[in-house]
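Each chain gets a letter, A, B and so on, in the order the sequences are listed, and its residues count up from 1. Being a predicted model, the structure only gives us computed values, none of them experimental.
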Amino acid sequence: MYQEYETKINEILVKNEIQTSITLLQPPSLELGDFCFVVNRVSGKNDPIEFGNKLKDFFVDLSGIHSITLFNTAGESGKKGVIYLNFTLDENMKISLMQNQIQSNFKNVNKKSYGTSQLNTGKTAVVEHTSANPISPIHVGNLRNSIQGDTYARILKSTGYKIHRLYYVNDVGLQISLVAIGYEITKNLNIKPVIKVDLHFGQIYAIMNCFYSIDQIKRKSKNKQNSLSKGYQFTESDISILQDEYKAEIQIIQSKIDTITVIDKASNNQKKELRDLKRDLTKLEDESKNIEKYDRIFYNLKGRFPKLFHPLLEEVSKLDLDKRQKTYLYSFEKNTDKYISSIFRELVSWNLGAFEWTLGRYNIEFDQFDYESDLTWSGKADEVIDQLAKSPNIVAKEGKALRYSYPSEAMAEFSKKTGRNKNSFPIKGQIPDLQLRRADGTALYPAKDIAYSIQKFEEFKPDVIYNVISTEQTLPQFQLLLPLFELGKVKYAKNLFHYSYDRVDLKGRTMSGRMAQYITADDYYNETFIRARIAKRDSDEKRGKSIPVTDEEWEEENLVLHAITLASTRFPLIESSPKRRIELDLDRELDFNRNSGPFIQYAHARANSILIKAEKEFNIKPSIKIDFNQITDIDVLEISDHLMLFEEKLNLAADTQDPSQIATWCFQLAQYLMKYYEKYPVLKLDEVNIVKARLFVIAMIKKGINVGLTTLGIPAVDRL
RNA sequence: GAGCCCGUAGCUCAGCAUGGAUAGAACGCUUGCCUUCUAAGCAAGAGGUCGUGGGUUCAAAUCCCACCGGGCUCGCCA
């Protein structure tokens, strides 16, 4: 708005042989002035106060200026302070500048293209998110991933990217093979799910995992031949035998640790040994705790899900679970037995169907599901390994096991060619080796991930790929890059990004897939929906609105409630920056007075209601053809400036991987609406020109809120 | 042991990229405002050693260093 003054002031400074250029700032209050700059920036070694007084004289010829004053932040007493030169404009000049600014702002907001940017026009981006294991329901923890990923994809799209949203289906692995075995058993016994299938499979998973874990603990024991009981549960004597065994082992390690600790100046090798020993110790301690833990889980699951538990236990007791798990997984990985493969595929498709339904309610969709098994069967992971095997950085260990060892000398080149700053590496110095293949010759997850990355680049030819994965996976996500680089895929290594977010915890609750204990995404939705209905009915009652009677009225109410539910579930998961760990307090999120999501929708509904009324009762439609001389409120300038900020925030959100920028912007805009609404009545004025002008302001704010909410994947409602 | 993230009001968080006047908001608390465009709202008030200590600078919540507290990661798991 004061661009011209900035240019002129800089010209004057140059004329007076002051080299430093200034940028104009906004004083904290209008009483101080309309714009200002910091004298210290240009005063150099001179005393800033003296210098400032001299400066004042340079600007006497500037037109439209009412007064220029000097301000010392240190006050009278202080010696050091910031010296501001404050400019106050003539009232007429100020209003005309303001009206010009508002007019030009609103012209832009009124355009169809408002709410988008051209930053990435013509480019393509792939966003992979959610990718939750298809063995137990999507829970609130997964939901942060989904909502972050979905929102980020929308933001990227608004900046011009063509977007592909992918879900990577981890359908190969130990856990899913346990579910497959359980599923096959229930299928043969003709046990059908009586609850939503993902919950049903979550229970099968918890039960099978419990049996398997107990079995594994027993197998590891040296006593298993003689004294341990057979079967998939612990007897009292099992527990005491196993605990004694662990105690003995822990003691041995502890004494080793003690001997090293005594040494005054331990060598580096000894230090390393000490670290390893301590790690072993924690591992052993954890394992010993597992005995009682799984014993507890066993009875817990038995009590909670008897109709699945008993038949599964009975059937599993007839077989060697460890052996079957290995054969099933191996067979599925190699796709050698059509029947076994079909079991895996069936259960996955059940679960994914349930996931799509759950996420669909949250306004989250995918363009494609990529199956890990397809990737495995295609042999692409093996190809990658074969190619990498020629590298001098590959270390072979027992059997067919291969690991990739990161050569420190190659890191500099990698850093240079991919533009990835060494300071941004998750580890300084030696990057830990990456295990690519098991001793039995099957590819491990990292190898598949490399292959999948290549596949994504080849399939969509994107400019960038974002993997939305929790911050815990920072290292493995980084480890992908150097092998890609070494395979000659420099561009891929350069353009593959880890969009990381920290975990979400639930206040007062622990979630555990192993115990089939979680707040599912469905629970979260349903609970919010119900409370939204109560809140809406309360407020309707206050306003004297009747409760819905006809089918149409019910349907309309449900649509509104759905929108509110989306706002109050999605908003808390993006309103703070992704890198911060958040603790969801359900009582807080479900209190609509505390939640900013519905607040924004409420602002939109209020704006809409004015517009509707204006059209119905006065037959006035908002139009840009208004008399801008009618706008003399500084509030409108602030509002129009804020509306113009959207594009900048959009680009920033895309650049810094931070959708919270948009959330904050929306919230502030809603606040502007509320304040404007209270301060400036629109339809109660006689002056038609003022009514039209204010109505247009309301229409522009409504558009802004609509654009903002849409970018966040939250519906803007016309009524609430 | 090494690396990364976090530490700002009673609670939940903005602000830090690009240093600049009195550090913002929501909730909670206190006080007003519904016969007037939707009170899921508005106005006002109380509430802060910006984790600690040092450094750079005319100027530090913001940049640098050290430390303290919390979390995460470092597997033939995925």
Side-chain angles (χ1 to χ4, degrees), chain A residues 25 27-29 32 36-41 43 45 47-48 71-74 79-84 86 133 170 172-176 271-272 274-275 278-279 283 372 397-399 401-403 424-432 435-440 442 444-446 448-449 470-476 500 502-503 535-536 538-539 542-543 545 564 572 575-577 579-583 585 588 591-596 598-599 601-603 605-614 617 652 655-656 660 664 667-668 671 674-675 677-679 681-684 695 698 719-720:
Chain A
L25 306 166
S29 106
L32 292 165
C36 62
F37 68 86
V38 180
V39 175
N40 307 56
R41 290 182 67 98
S43 60
K45 300 222 163 154
D47 177 65
F71 190 94
N72 184 356
T73 59
K79 284 167 192 166
K80 288 182 182 177
V82 189
I83 312 301
Y84 286 93
N86 291 332
N133 284 358
N170 292 291
V172 183
L174 163 68
Q175 293 168 330
I176 195 154
K271 277 183 190 164
K272 189 179 181 298
L274 190 64
R275 274 208 300 279
K278 279 187 178 164
R279 191 178 297 170
K283 211 172 156 190
E372 183 180 344
K397 291 238 167 161
E398 312 149 36
L402 283 185
R403 42 169 67 217
S424 72
F425 292 3
I427 291 215
K428 298 252 181 311
Q430 185 64 40
I431 310 289
Q435 192 80 27
L436 295 171
R437 198 161 65 186
R438 290 192 186 91
D440 67 2
T442 52
L444 274 153
Y445 186 84
K448 292 180 189 172
D449 227 5
S470 84
T471 176
E472 291 151 31
Q473 307 239 22
T474 305
L475 180 59
S500 80
D502 211 330
R503 233 172 49 201
K536 181 169 163 32
D538 278 354
S539 109
K542 257 195 248 168
R543 281 184 243 150
K545 255 180 85 176
I564 298 172
E575 71 179 333
S576 57
S577 56
K579 289 205 170 158
R580 185 184 283 272
R581 168 165 301 198
I582 51 177
E583 191 179 55
D585 180 344
R588 193 179 62 232
D591 178 347
F592 298 98
N593 291 326
R594 294 183 186 229
N595 194 313
S596 21
F599 173 83
Q601 287 175 319
Y602 182 56
R606 272 185 144 183
N608 181 66
S609 123
I610 300 178
L611 297 179
I612 296 285
K613 197 160 185 179
E617 294 185 14
L652 186 69
D655 265 359
T656 59
S660 74
T664 311
F667 180 66
Q668 283 168 352
Q671 272 183 324
M674 293 297 193
K675 282 175 188 170
Y677 181 94
E678 298 283 342
K679 199 167 166 187
V682 177
L683 301 176
K684 288 170 217 155
L695 198 67
I698 297 281
R719 261 183 292 177
L720 200 141

Just N and O in the side chain of [X]: are any of them under 4.0 Å from OP1 or OP2 of [N]?
X: A/Arg438; N: B/rA78; value: yes
X: A/Arg581; N: B/rG7; value: no
X: A/Ser577; N: B/rA14; value: yes
X: A/Arg403; N: B/rC76; value: yes
X: A/Arg580; N: B/rG71; value: no
X: A/Lys675; N: B/rG41; value: no
X: A/Gln671; N: B/rA26; value: yes
X: A/Tyr445; N: B/rA78; value: no

Protein-nucleotide distance (A/Lys679, atom NZ; B/rC33, atom P), rounded to Å: 21 Å
For A/Ala605 and A/Arg437, find the nucleotide of RNA chain B closest to each by heavy atoms; which residue's nucleotide sits nearer the 5' end? A/Ala605
So what does [X] touch, heavy atoms closer than 4.0 Å: a base, only the sugar-phosphate, or nothing?
X: A/Phe667; result: sugar-phosphate
X: A/Pro27; result: base
X: A/Asn40; result: base

If you take atom types as modelled and just measure distance, does the side chain of A/Arg588 reach the base of B/rU12 with a donor-acceptor pair under 3.5 Å? no
For B/rC65, does the O4'-C1'-N9-C4 (purine) or O4'-C1'-N1-C2 (pyrimidine) torsion place it in syn, i.e. within 90° of 0, or in anti? anti
Does A/Phe592 stack onto the base of B/rA40, taking stacking as ring centres under 5.5 Å apart and planes under 30° apart? no
